[in-house]
Q: 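Before I ask anything, let me first share the structure, which is written out below as structure tokens.
Any value given below was found using the heavy atoms of this structure, including those in side chains, with hydrogens, waters and symmetry copies removed. Bear in mind the structure is a predicted one, so any value in this text is a computation, not a measurement.
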Amino acid sequence: VVLLVKDRRRPSTTGAEGLVGEIGVTAGDLREVGTVRVHGELWRARCGQELETGTRVRVVSIDGLELTVVVDESGSQ
């Protein structure tokens, strides 16, 4: 019972809410709007800067089916 109570207190890690904070890779050159791959899925994404194909990005928010991303500078896999 204790494990069930602890599990219910954790934030959602599925659906759109689970994407925030996740790492992805640009699937093409991103010029304000483009495509990124997160969890093996392609998503429309928006970024405040131009990015080249293969740039690691971190999801900071989601609006409908469009992600807002920033360059991931953590270097972790």
Q: Would you please name every residue forming a side chain to side chain contact (heavy atoms under 4.5 Å, CB included) with Thr68, sequence neighbours left out?
A: Val60, Ser61
Q: What residues, two or more places apart in sequence or in another chain, satisfy side chain to side chain contact (heavy atoms under 4.5 Å, CB included) together with Glu41?
A: Trp43
Q: Is it true that a side-chain atom of Thr55 and a backbone atom of Thr26 form a donor plus acceptor pair closer than 3.5 Å?
A: no
Q: What are the two closest heavy atoms between Leu19 and Val38, and how far apart are they?
A: CD2-CG1, 3.7 Å
Q: Pair up each side-chain donor or acceptor in residues 27-36 with any protein partner under 3.5 Å, not counting sequence neighbours, and list the distances.
A:
| unit_1 | atom_1 | unit_2 | atom_2 | d |
| --- | --- | --- | --- | --- |
| Asp29 | OD1 | Thr53 | N | 3.0 |
| Asp29 | OD1 | Thr53 | OG1 | 3.1 |
| Asp29 | OD2 | Arg31 | NH2 | 3.4 |
| Glu32 | OE2 | Arg46 | NH1 | 3.0 |

Q: Do you reckon Ile62 sits in the same ILVMFWY cluster as Val71, going by side-chain contacts under 4.5 Å, direct or chained?
A: yes
Q: At their closest point, which heavy atom of Ser74 faces which heavy atom of Arg58, and how far apart are they?
A: OG-NH2, 3.6 Å
